[in-house]
Amino acid sequence: QVQLVESGGGLVQTGGSLRLSCAASGRTFTTYAMGWFRKAPGKEREFVARISRGGTITSYADSVKGRFTISRDSAKNTVYLQMNSLKPEDTAVYYCAAVDAARAPISQYEYGYWGQGTQVTVSS
């Protein structure tokens, strides 16, 4: 098993930046591909970004492409989400998730482990 703890959320103005962190503990971090998802009020949880087990393959939702960057540091057992040029529509609770696989899926239902989430609020 792996335990995930997100941090780095907060309140930021439109155009600002935040970096979210997801610290993993328990089973070897490099076993897992990782994803970031978000849930805005009144909406379904949606895919944001994903990264492969080895860190070489990433992809993004169209809504964040070019603004967000996912990365991982195996030495620190941490996956990051760098968020730039933030917009009010990025306001949501952000979750990291892990799956015991080489490639990270887009579907949230394929992930077996989740963090508790961190709130990101972008003011206009």
Could you state whether [X] and [Y] fall into the same hydrophobic cluster, counting links through intermediate Ile, Leu, Val, Met, Phe, Trp or Tyr residues with side-chain heavy atoms under 4.5 angstrom apart?
X	Y	answer
V120	V64	yes
V99	I106	yes
L18	V79	yes
F29	Y111	no

Any idea which heavy atoms bring [X] and [Y] closest together, and the distance?
X	Y	answer
A24	V2	CB-CG2, 3.8 Å
R72	T30	NH2-CA, 4.2 Å
A101	R53	C-NH2, 3.1 Å
Y32	Q1	OH-C, 3.8 Å
L81	A49	CD1-CB, 4.1 Å
R38	S63	NH2-OG, 3.4 Å

Query raised in the report: Under a 4.0 Å N-O cut-off, is there an ion pair linking K87 with D90?
Result: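 So K87 does not pair with D90 through a salt bridge.
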Could you tell me if the side chain of [Y] sits less than 4.5 Å from the side chain of [X], heavy atoms only?
X	Y	result
S25	N77	no
L11	Q119	no
Q108	W114	yes
M83	V12	no
K39	Y95	yes
F47	S59	yes

[atom2] on [Y] to [atom1] on [X], rounded to 0.5 Å:
X	Y	atom1	atom2	value
L20	W36	CG	CH2	4.5 Å
M34	S52	CE	OG	12.0 Å
I70	Q82	CD1	CD	12.5 Å
T118	Q116	OG1	CD	7.0 Å
K43	E89	NZ	CD	8.0 Å
Q13	S123	CD	OG	5.0 Å

Look only at the side chain of [X] and the backbone of [Y], and say whether a donor-acceptor pair between them is shorter than 3.5 Å.
X	Y	value
T91	V122	yes
T56	G54	no
S85	G15	no

Query raised in the report: Given the rule in the side chain to side chain contact (heavy atoms under 4.5 Å, CB included) test, do V93 and F37 qualify, once you have shown the distances and angles that lead to the verdict?
Result: CA-CA 8 Å; V93 178; F37 293 79; over 6 Å; no
